[in-house]
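Naming: A, B, ... by sequence-line order, numbering from 1 per chain.
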Amino acid sequence: MKIDLHPDSFALDGRASFVPVPILRIRDENPHTRTFFFKHRLPAKPGQFVMLWQPGFDEKPMSVAFAYPEKEEFGLTVAKVGPSTEHLFSLKKGDRLGVRGPYGTHYRLPGASDAGIKAKHKRIIMVGGGFGSAPLRFLTEQAVASGFHVDFIQGARSQDRLILQKDIQELGAHLHVATNDGSQGHKGLVTEVLETLLATNKGRYDAVYTCGPELMMQAVGKLSEAHGVPCQVSVERYMKCGFGVCGQCDCGGMLTCVEGPVVSYDSIKKNPEFGVFHRDGAGLKHYFK
Amino acid sequence: MPNVLNEYKLELFEKKMVDLSNSFLEKTAPNPTVLASGFMGVTGLSLASAAAHGAGMVTIKSLSLEPRKGHKTPVIVGFEAGLLNAVGLSNPGVVNGVEELKVAKKKAGVPVIASVFADTAENFAKAAAAVMPAEPDFLEIDISCPNVDSEFGIPFAADPGAAADVTKACKKVIGSVPLIVKLSPNVAAIAPVAKSVEAAGADALDCINTLKGMVIDPVARRPVLTNKFGGVSGPALKPVAIRCVYECYKAVKIPIIGTGGVTTGKDAVEMMMAGASAVGVGSALYYRGLDAFKLIAGEMKDFMKSEGFKSPRDLVGLAHEN
Ligand SMILES: Cc1cc2nc3c(=O)[nH]c(=O)nc-3n(C[C@H](O)[C@H](O)[C@H](O)COP(=O)(O)OP(=O)(O)OC[C@H]3O[C@@H](n4cnc5c(N)ncnc54)[C@H](O)[C@@H]3O)c2cc1C
Ligand SMILES: Cc1cc2nc3c(=O)[nH]c(=O)nc-3n(C[C@H](O)[C@H](O)[C@H](O)COP(=O)(O)O)c2cc1C
Ligand code: FES
């Protein structure tokens, strides 16, 4: 009989349990954003996320911004936006939190066996908005180590919202900045900078990677497509379990926590909800504006 | 010219073939698996995705009259042999939920089960009536969630009389739509509850909801779930579910959906031999991903082929003969 799978083989599967992680250090990125470094060997890839538990408070999904498994260290770059992140900002070095993961899909560099993108020119573009620059910094680190030329476009409302610029530059990426108020770099949108790069270096980029507000990612995807460059985006939806059970993260029939967050623009552009609405913890719709 | 011998051989071959299609209260499903309530199915498109991934029937996340955010996170955590959850019945409410059900009815291509819960028999009936415009194939009433005691009191499924009251109230407002009552393992004896809801007009049972439990994090020195208590699902629940289905099958004539810990085709077969006519699948999505339905159905088929069973219905209640 060919039935060899027995639940015994599923027992002691630790993917859904918390590991205690002490805070090693905290770094201020800007007045609203901090990076928390934790002691734990986290085998994460760029674009994957973890569930971070503040015992006695709550638990939230966070993208991995730094991961050095060999040093037993990882980091999360967090923007203070509400009760949970505010609570996190009150914590100190040595405080112990819980983490489970990593979960979800990850960005794939051109030439990677499963990427479906060729590494012809060894040039790629990152487009980060808000804390979206954090997972892209992680990807940049990997890309530079694999010999890619990286143009990193970073956007924010104003200069005091920009993050990780020093880290990105130290990796050797070429940083381009766009702010709405012109307080740093180009005055305007990241897509305007992207358009210029794609047009002036026509046919010389392998791929575009983006993370940030959904409408920005949609615009980046469209623009990349118009220039014939493949693009990968990171979809954010309300998450409770993070491992494909609760259904809360649905985006038009896609279970974002397991089928995403990172997907190709080509596959998500047909999704009836991408760029249209997301749902909250009750499942109620909120339209993007 | 048709070759008579070949035709005869083909017929013999077809007779030996296993057909997984399964009828449940006169509805036909491609296989005996059922997406359990609370998994994936918050939205219509997600229910359709479960069907596309091989679920034989799909159940929407239980709906209440008003939208609910559910409990504060963490609401779910794993342990050695399963999951513990206290999602707290978050849902967008019947008004939005009925639209999701309509989408599911249009896109899923398999029987769709609506699920509702409420705080009183009267409100159960209101919620049941509110989802009828979507024309669900079945209505399931969740009278057995162990994670909302503090708000709703002891679940109706803990008391045969209360369970019957809710059953009767819902039966009155749903016309010819068959009613499935979801029972709880958190009772001293499940058979009296099963008998009581059968007498009250239930058309089928779903056995079982989760078993009340707790997980403590020794480093944090506290229960992991913010709700402290939660419901055990997954492999740890399986023997409890098998036992409940077995006891209910003995006690009632109406068909049973066997739910709890089904992770492989072998588990599904066990559940059907205990007396289930269809098999709920939930936590297996964690262990085996979205392919869980196809894998379970495939393994069922392999088992049935090697053991000489032609249809899932041949398995139902077999364990009672020995
Ligand atoms: C895959 C993923 C990766 C993320 N990575 C990061 C990151 O690297 N850095 C960072 O600062 N933030 C990240 N977030 C967002 C982060 O989870 C929210 O900012 C955080 O949950 C806000 O909680 P709050 O209580 O402080 O604010 P609230 O006032 O509760 O919420 C503020 C906003 O966050 C959203 N949000 C709240 N809870 C959740 C949840 N459980 N899942 C998804 N969104 C939620 C709300 O919809 C709202 O738009 C990520 C979200 C997802 C889904
Ligand atoms: C996260 C989660 C949410 C659930 N939500 C519901 C629900 O809303 N309504 C319901 O009737 N049962 C709910 N259940 C119970 C399941 O439908 C099922 O009865 C139980 O999980 C046992 O099956 P399993 O071992 O295959 O997961 C939920 C279970 C889990 C784990
Ligand atoms: S967060 Fe639970 S299924 Fe995705």
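Using a cutoff of 4.0 Å between basic side-chain nitrogens and carboxylate oxygens, B/K105 and B/E100 are not scored as salt-bridged. For the pair A/K240 and A/E59, the salt-bridge criterion is not met [side-chain N within less than 4.0 Å of a carboxylate O].
Between A/Y68 and A/F66, the angle of the ring planes lies from 30° to 60°, which puts this pair in the tilted group.
Most heavy-atom pairs under 4.5 Å with chain A: of the set B/P74, B/A220, B/S46, B/S49, this distinction falls to B/P74. Put simply, of A/A282, A/G247, A/G283, the one with the most heavy-atom pairs under 4.5 Å next to chain B is A/A282. Among the candidates A/E273, A/R96, A/M254, A/K60, the residue making the largest number of heavy-atom pairs closer than 4.5 Å to chain B is A/R96.
When heavy atoms are compared at a cutoff of 4.5 Å, B/V224 approaches chain A by way of both its backbone and its side chain. With a 4.5 Å cut-off on non-hydrogen atoms, B/K72 touches chain A through its side chain but not through its backbone. Within the 4.5 angstrom heavy-atom criterion, only side-chain atoms of B/L290, from C-beta onward, approach chain A. For B/L83, the part sitting under 4.5 Å from any heavy atom of chain A is the side chain, from C-beta outward, and nothing else. Using a 4.5 Å cut-off between heavy atoms, B/T226 contacts chain A through its side chain alone, with no backbone atom that close. Looking at B/P223, only its backbone comes within 4.5 Å of chain A, counting heavy atoms on both sides.
None of A/Y287, A/Y238, A/F288 except one satisfies the ring pair (Phe, Tyr, Trp, His ring centres under 6.0 Å) rule with A/H278; the exception is A/F288.
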Worked check of side chain to side chain contact (heavy atoms under 4.5 Å, CB included) between A/V78 and A/F89: CA-CA 9 Å; A/V78 180; A/F89 273 47; 4.2 Å; yes
Check against ring pair (Phe, Tyr, Trp, His ring centres under 6.0 Å), A/H87 and A/F57: CA-CA 8 Å; A/H87 188 268; A/F57 203 75; 4.2 Å; yes
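For the pair A/R27 and A/F37, the NZ or CZ position fails the cation-pi test of under 6.0 Å to the six-membered ring centre and within 45 degrees of the ring normal.
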